[in-house]
> 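Following this message is one structure expressed as structure tokens.
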Amino acid sequence: MGELTSKKQAAALQDQRQCSVFIWGQACAWALAICLAAATAAAQQTTPPAKQETAPRPSQSSPAQAPDSAKAPARITPEQAKQLFSLVDELIKFSSDETGLPVKNTVKRQLTTRTAVESYLEEKFNEDQDAKRLQRDEIVLKKFGLLDRDFALKPFLLALLKEQIEAYYDSKTKTVNMLDWVDIDEQKPVLAHELTHALQDQHSDLEKWDDQTPDDVSVDSAGDTDHLAKDEMDTARDAVAEGQATAIMMNYILKPLGKSLVKDPEVMDVLKQQMNGSENSPVMARAPLLLSESMLFPYREGLSFEQDVWMDQGKTAAFSGALDHPPTSSWEIINPREYEKHHIPSVPLLPDIHPLVDKLYQPYDIGQVGQLDVHILTELFGGDEASRSLSPAWNGGLYWAGQVRSAKSPAEQSSTKSLALFYLAAWRNPASAQAFAKLYADSLGRKYSGLKEDVAAHASAPNDGRSAEQAFSTTEGPVVITTRGNLVFISESFSLDLARKLTTLILDAQGAGEMKMAQERQPAGATSPLRAPSDCPPERVRRAGRVEGPAFCNSGARVGSHVTQPVSTAFASHTRQPLTGDLVHFLSNCGVMKAVVDAEVRSAAHLN
């Protein structure tokens, strides 16, 4: 959950920036990572009269269940396929002119069928490592209350993908895949989007650039620090990649009107409003808030980020600059002026908790709770007004989840009863901390049955004059919420005694002790800027290597300065994504959604 949906690394997804997928409905992207990467292999092809390029014949694989629709759409004719193939060279030149990213190689192209795509999706859900990782994430998301306990994630995602897929760029095979059931005029802006991914790939190698976090579980304090050091990097990079591609798609649509994102910045407000519509996407319309926001984030906030950087610092900074020096957190994406100032968010300190928890719990997940995660949590628990009030006051967060070692059977391990977790939330002021603590406490009834205030626990609560404790009993064990100044610490399903020990250990670690720096280990001789919190005296920052990532600062400071040091440690990254990170990563690796394309077309019509 590193960002609430975190577990980093979408290994299979990365395997192909493959699925640049387009969704008309609303939720743009999230689960598609599983999606299409290799649909290429599944599709069989026919050759149009164009050099070296092939358009597939109807697939002979067994048909997958078709999405809900009144009738199957007409197929593209061979003549239309030739026209579509020829458009690739025209549109990649447009994307190159708009971004300043040079065309270094010819992009392969092919036409694929619905049957091939759907068969591929079925196989991926059964065999793909990303699908398995997502199933692992599901229990943590339910424990947080982001998904209902009885929500069936896998069948919903499969139905969503079958409804929404429209096109994708496969960064592994360097191929742009077009769909033979989507109208050619509709595919033109989609191609502009996907070919921007091809240019990004030629510039930065998306297979490596967009997957910074190996998938493992941290089992000790050093591993915990490594995880937290770069937990939101993939989420931020997904937003850059999709934001750039969506900007070029928007400019392609606006060009006949004599408009552009930079000349007519008001288009962004119209576009955000249009993205809220899901009338053309019945499956997407039923998506939980977690899924729809995770899907839309890289397109909506990524586009806003790119527009601001483009207007403030120019095309080079917005495109090659953002690829060469990408943001590291959802906070920077949401606050692009902070990125422009080279500021990064701090991460609360996590002391060594393993002597306390390892006897009873197997480490299951760890990550940041980023600003995107807090936005989703607060909107889900308190509505739009609560989210608008609390999200800007976010000042860092982390969580850890462990599974009881006594859970042996698959049924036991798939139950939220087997998990215990804690969540530390940092805020900019005590009022926001208190408001969040109340909001979280009021939401407990939506995820736990048998919820009661623990009167006996109140009688034995610590009275140090600094902290306020609330304790509840549930069918899954105690929930303890402690507020201290700007901090809120939440423990769920640990025993009351262990919850209080963790509370004391972690809250006492904030604001005391040596300043620490989040570190991303890189190969010896690697060079990348180390960014330190601006409120932390440079001499107090531990400079163990040259890295780029969030800063650990016991003052809760933000970033300002850059220092450079050679790296002596070998590359050994151990990170998973923030709470929402896996969802965001899946969706962005699958491509742009029909919801996004539809929203841009409607926005252009509104401006005309």
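Residue numbers run from 1 in the order of the sequence given. Quick caveat: nothing in here was measured; it's all calculated off a predicted structure.
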> Say whether, by atom type as modelled, one donor and one acceptor occur between the side chain of Glu492 and the main chain of Phe422 under 3.5 angstrom.
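No, Glu492 side chain to Phe422 backbone: no donor-acceptor pair under 3.5 Å.
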> With a 3.5 Å cut-off and no angle check, do the side chains of Asp224 and Ser218 form a donor-acceptor pair?
yes
> Which one of Phe489, Phe381, Trp427 satisfies the ring pair (Phe, Tyr, Trp, His ring centres under 6.0 Å) criterion with Phe436?
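In the set Phe489, Phe381, Trp427, the residue that makes a ring pair (Phe, Tyr, Trp, His ring centres under 6.0 Å) with Phe436 is Trp427.
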> Quiz question: by atom type and distance under 3.5 Å, do the side chains of Thr483 and Gln434 form a donor-acceptor pair?
no
> Any sub-3.5 Å donor-acceptor pair from Ser389's side-chain atoms to Glu385's backbone N or O?
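Such a contact is absent between Ser389 side chain and Glu385 backbone.
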> Flag this pair as yes if the NZ/CZ of Arg149 is under 6.0 angstrom from the six-membered ring centre of Tyr448 and inside a 45 degree cone about the axis; otherwise no.
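Ring-cation test returns yes.
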> Does the side chain of Glu232 come under 3.5 Å of the side chain of Thr235 through a donor N or O and an acceptor N or O?
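Thr235 and Glu232 do not have a side-chain donor-acceptor pair below 3.5 Å.
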> Around atom CG of Asp464, are there more than 12 heavy atoms of other residues, nucleotides or ligands at under 6.0 Å?
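Yes, enclosed.
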> One thing to verify: whether Lys154 and Glu138 come together as a salt bridge, which I'm taking to mean a side-chain N less than 4.0 angstrom from a carboxylate O.
no
> Please name the residue in the list Lys143, Lys447, Lys417 that meets the side chain to side chain donor-acceptor pair (under 3.5 Å) test with Glu476.
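For Glu476, the side chain to side chain donor-acceptor pair (under 3.5 Å) test succeeds with only one of Lys143, Lys447, Lys417, which is Lys143.
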> Once you measure the plane-to-plane angle for Trp394 and Trp331, does it fall in the parallel (<30°), tilted (30-60°) or perpendicular (>60°) bin?
tilted
> Do Ser330 and Gln371 have side-chain atoms, one donor and one acceptor, less than 3.5 Å apart?
no
> Looking only at side chains, do His197 and Glu242 share a donor and an acceptor under 3.5 Å apart?
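A donor-acceptor contact under 3.5 Å links the two side chains.
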> Decide whether His458 and Gln470 meet the rule of one side-chain donor and one side-chain acceptor closer than 3.5 Å.
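No.
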> State whether a side-chain donor-acceptor pair under 3.5 Å links Glu332 with Thr328.
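Indeed, the side chains of Glu332 and Thr328 share at least one donor-acceptor pair under 3.5 Å.
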> Is Asp358 salt-bridged to Arg405, going by a charged N under 4.0 Å from an acidic O?
no
